[in-house]
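Take a look at the structure set out below.
Throughout, a chain's letter reflects where its sequence line sits, starting with A, and its residues are numbered from 1.
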Amino acid sequence: MSNSFDDIPFFDEEPEPAPRKQPGNAAPPAPVAGSGGAPNTGLGIAARAMAARDQNRPQMDYLSGLNPEQREAVETLDGPVLVLAGAGTGKTRVLTTRIAHILATNRAYPSQILAVTFTNKAAREMKERIGVLVGGAVEGMPWLGTFHSIGVKLLRRHAEIVGLRSDFTILDTDDVVRLIKQLIQAEGLDDKRWPAKQFAGMIDGWKNKALLPADIPEGDARAFANGKGRELYAAYQARLRTLNACDFGDLLLHPIAIFRKTPDLLKEYHQRFRYILVDEYQDTNTAQYMWLRLLAQRPKDVPQNVCCVGDDDQSIYGWRGAEVDNILRFEKDFPGAKVIKLERNYRSTEHILGAAGHLIAHNEGRLGKTLFTDRVDPDDEKVQVHAAWDSEEEARAVGEEIERLQRGDADGKKHALNDMAILVRASFQMREFEDRFVTLGLNYRVIGGPRFYERLEIRDAMAYFRLVCQPADDLAFERIVNTPKRGLGDTTIRYLHDSARARDVPMLQAAAEMVETDELKPKARKALFDVVQSFRNWQTRLESVPHTELAEQILEESGYTDMWKNDKSAEAPGRLDNLKELIRSMEAFESMRGFLEHVSLVMDAEQNENLDAVSIMTLHSAKGLEFDTVFLPGWEEGLFPHQRALDEGGRSGLEEERRLAYVGITRAKRRCHIWFVSNRRIHGLWQSTMPSRFLDELPAGHVDVAAAPDSSYGGYGGRGGYGQSRFDKAEPFANNYSTPGWKRAQANKSDATRDNWGSRSGHAVERIGYGESGPRGRTIDGELVAKSTTDTPSKFKVGDRVFHIKFGNGNVSGIEGNKLTIEFDRAGQKRVLDGFVEKAS
DNA sequence: ATGGACCTATTTTTT
DNA sequence: ATAGGTCCAT
C-alpha cells in the first residue's frame, strides 16, 4: 500500500527532467544511478531494470515467456494500442511487462508513466509485479493508481483552480448522505418522502456521466424533491465547496474541469505522461473516459502512446455507470490504433473454458473472442452442477466438498483452502456459509465484506482525527461533538449549526466564539468549551507529537475509549480491539494526514495472508482473481440473474448478469461447482425458486449434473422441487429441453401479472402447470402467487393441522393473504407462504 | 436528554 | 429476520 500522497511535489520540485527526445531509436536519457542519499527516486527502477537486462542472461529475458500476441502488446510502444484480453490470457502480465519494457529501454522515467487501474487491489498487485520484474519496490511510480487516487493527486496540486484548498477532505458515502439529509431538511422537505440516500445515488449517477447541475436531464431534475432536484444538486455542490470537501465523483470531475480551464496545464501533463496505460478499460464510466481522453488525445506533435486493456465480456459495472461502449469506440477516438486480441488461456481446463464460452455466446453485441487452451487432460473434471433443497443444505454440501478436497479424498491430493473460493451474487448469501464454516471449524476469509473503516467506532475515531487535521470539517464535528455524550443535544447543535452557517464559518470556530458569549446555557457552554479546548490542544500537538501517539491521546482524552470500556454490550470489547488495530495501522504512514487520505480512498483493511482459508466474496470482487476450485452457489432465477438487474436493465441487464456468470466460471483453474436450491428464504419468508436460466445455457459436453443428494429429498415424492426433476433427466441440457428456464419464467411472469395477485383476494388462481414440476407454488416477482390445484382448492383455516417440509407438523394460527403463521411442534412459530405447507394427513 | 418500544425497509454489485 | 431509525414517555 502506498503512502505516496504524503508528499505532494509540484512541478518545479520534480527530481528529474522530462526527456525531450522522441522515443524510438533515439539515445536514451542517461539514467542516474540511485544515489545513497535518495534511494527512493524512481531512477532506481530503471537502473535496476537495466541491470537485470544486462545480466548474463539473454537480454530482456522478461520478454521470453510471452506468446506472440502478448509480445506484440508489450512491444508496440508507439501509438495507441487496444488489447482485448480474455479471462486468464495474461492481461496483467502484459501490462506489467509493458511497463517494465518501457523502463528497461529507457523510454521514460517511472514518473512519466501514467498507469490507471480500476481497484486499489489491482494497483497494489501491479506495483508488486513490476517490482518483481525490474527488481525492488516501485516507489518510483507515482502515477500508478486508481482513477480516483490519481484524481486526488492532481486535485491536491491544482485545487485552487476549482475553488478548493489543497487540504480538502474527501467525503465518503456516509458523510454525503448525512450532508444531503441536512440540505433536504433545510429546504423544508420531508426527508422521509425524499430519502437522502436515494438522492446521493442520483448525484453519483450524474457524476459518473459527468453531468453538472446545469446538465442533468429535466426529467431527472423533476423526479426528486417536488422538482427541486437540480437546485438540491447545486446546493450540494455549493455546500461541498464551503466545506472544502469533495465526494468520490468530484475526484474525477474536478480534474476534468481543471484541464479544461487551463489548457497550458493540460499541455504540461501531455508532455509529462509519455506513456499511458489503462487496465479494465471496459469498466470506465463517462467521467473517467473524458478524463482519460483529455490526457491521452494529444496535439499532432505529441505522441499518443496510450494502451488500454480490457475485455468486453467482463464488463460488470454497467449499473455504476461503466460504458462498455468506451472499448468499442477506442479505434474511433484514437485513429490508427492497433488492436491486439489475447485468446490463449493459461488458467483453466478445457471444460471450464468450454462452459464459460458457451454461456457467454448467448450475449449479443460482443466483440467476439473465443478462448482456447492447449491443455488437454482426460482427468480434468467437468463443470459440476448440483441441486440442493435450500440454502442451508447448499452450505452444508459445499462445506463437505471443501473438506473432501482438503483431506484429499477426491483425487488423492490434499488441497489448500487458499486455493478455493465461494463466489456469491449478493453478499447476504455469505452468511449461511460463514455459519456453516464456523460450525465446521473451517477457516474462511470474507473479502470485500463489511469494511473495517465503515465500522461505527472506526468512523467515530476517524472523525476526531479528521477534525484535528481539518478544523473546517463540519461533518466530522457534528459526528463526534456529542460522542461520547457530553450533554450537547439536538437543540444546542442545531443552534450552533445555524449560527455557523449564518456567519459562514466552520462549526468548530463558531463553537469557539460562542463559548465566549452567554448565548448558551451554562451547562452546554462548559461542555462545548471543553470540546473546543481539547481540539486546540490536539491541533498544537499535531506537529510535535508522533501521530500514532497523538491518536491514542485523542481517543483517551476525549473519553471515547472510556465510553466503550464502560459499555457492557457484547460488541464493546471488539470495538476496542478495532480501535487498537486502527492505531496500529497508522504506523505505516508518515503523518495523520497521509493516513486519512489513505483511508478515504482505500476502504479495505489488510487481510491475514498467512492463514490457509477459503475465500468468500461476491462475484464482483472476484474479478481478476483465480482459484483452483470455485464454488458458485445460488444460481436461481431472481437471485442470479438478479431480479433487479432484469427489472431495471432489461436485456442489457440480463447480459451483464451473464457476464458476471462468465466471470465466475472463468475464475476457476481446475474445478468449478455450480449450485442452485429449490427454496430460499428472502426477507424472512421461504420462497421456492427456479434454477437459473444460465444453467440451461451451459453446454452438455462440458457439464456434469451431480446426483441430487438423497437425504433431503427422500420420501417427498414429487415435491422435490422443479429443479430436481429436470436434472434427473439423462440429458438435462439436450435440445428437446429447449424450453429454457427463462422462457418459462417469462411466461409465468406475464401470467402472474395478469392474474393481479388474485390469490390474495381469495378467489381461485389458475394454475399454470409446468409438467413434471409438481403441485408447487412458484416465485414471481418475489411473491408466491399460485397455489395447489387439487387437494387444497381453498385456503387453510386457522386451526388447520399442516405439514411443512422443513419445519414438520404444526397448527395454523393466523392467515394474512397467502402468508400463514404456524405454530410448529418443533420449530416454534414461523411465518410461511401457504404454498409450502400441506394439510397434515 | 436519554432510553425503550415500535415500526420500517432491507437485500446487488463499489471507487 | 433483523437492524436501524423514529417516536414517545420519562
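Here the side chain of S427(A) is nearest to one of dT13(B), dT15(B), dT11(B), namely dT13(B). Closest to the side chain of K485(A), out of dT15(B), dT2(B), dT13(B), is dT2(B). Closest approach to the S621(A) side chain among dT2(C), dT14(B), dT11(B) is made by dT14(B) (side chain taken as heavy atoms from C-beta onward). Out of dT11(B), dA1(B), dT13(B), the shortest distance to the side chain of T491(A) is found at dA1(B). Of the candidate nucleotides dT2(B), dT14(B), dT11(B), dT2(B) has the atom nearest to the side chain of N482(A). Here the side chain of W319(A) is nearest to one of dT11(B), dT14(B), dT2(C), namely dT14(B). For T492(A), the side-chain atoms get nearest to dA1(B) when compared with the rest of dA1(B), dT14(B), dT11(B). Comparing atom distances between the Y317(A) side chain and each of dT14(B), dT15(B), dA1(B) picks out dT14(B) as nearest.
Considering only heavy atoms from C-beta on, M141(A) stays 4.5 Å or farther from K127(A) through its side chain.
Distance check: H598(A) NE2 to S585(A) OG gives 7.0 Å after rounding to the nearest 0.5 Å.
Each of W675(A), F627(A), F631(A) was scored for a side-chain contact (heavy atoms from CB on, under 4.5 Å) with I422(A), with one residue passing: F631(A). Under the side-chain contact (heavy atoms from CB on, under 4.5 Å) test applied with H254(A), the options D250(A), L251(A), L252(A), I256(A) reduce to a single match, D250(A).
To the nearest angstrom, C1' of dT15(B) lies 8 Å from CG of L252(A). A straight line from CD1 of I682(A) to P of dA9(B) spans 18 Å, rounded to a whole angstrom. Going from atom CG of L619(A) over to atom C1' of dT14(B) covers 14 Å, rounded to whole Å. The distance between atom NZ of K207(A) and atom P of dT14(B), rounded to the nearest whole Å, is 21 Å. dT13(B) atom P lies 13 Å from atom CD of E648(A), rounded to whole Å. Summarising the geometry, the separation between CZ on R431(A) and C1' on dT2(C) is reported as 8 Å, rounded to the nearest angstrom. Put simply, CH2 on W291(A) is 17 Å from P on dT15(B), counting in whole angstrom units.
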Nucleotide N/O of nucleotides 5-9 of chain C paired with protein N/O under 3.5 Å:
unit_1 : atom_1 : unit_2  : atom_2 : d
dT6(C) : OP1    : K181(A) : NZ     : 3.1

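Between dT14(B) and T618(A), a contact under 4.0 Å exists linking OP1 or OP2 to a side-chain N or O.
A cation-pi geometry, defined here as NZ or CZ lying under 6.0 Å from the six-membered ring centre and within 45° of its normal, does not hold between R658(A) and F694(A).
At the heavy-atom level, H642(A) lies under 4.0 Å from the strands shown only through sugar-phosphate atoms. Looking at heavy-atom distances under 4.0 Å, F640(A) makes no contact with the nucleic acid at all.
For T492(A), there are no side-chain hydrogen bond (donor to acceptor under 3.5 Å, both in side chains) partners two or more places apart in sequence or in a different chain. Residues that satisfy the ring-ring contact (aromatic ring centres under 6.0 Å, His included) test with Y317(A), not counting sequence neighbours, are F118(A), W319(A), H620(A).
Remark: R178(A) CZ is packed, more than 12 non-hydrogen atoms of other residues, nucleotides or ligands lying under 6.0 Å away.
The side-chain ring of F118(A) is not stacked on the base of dT15(B), judged by centre separation under 5.5 angstrom and plane angle under 30 degrees.
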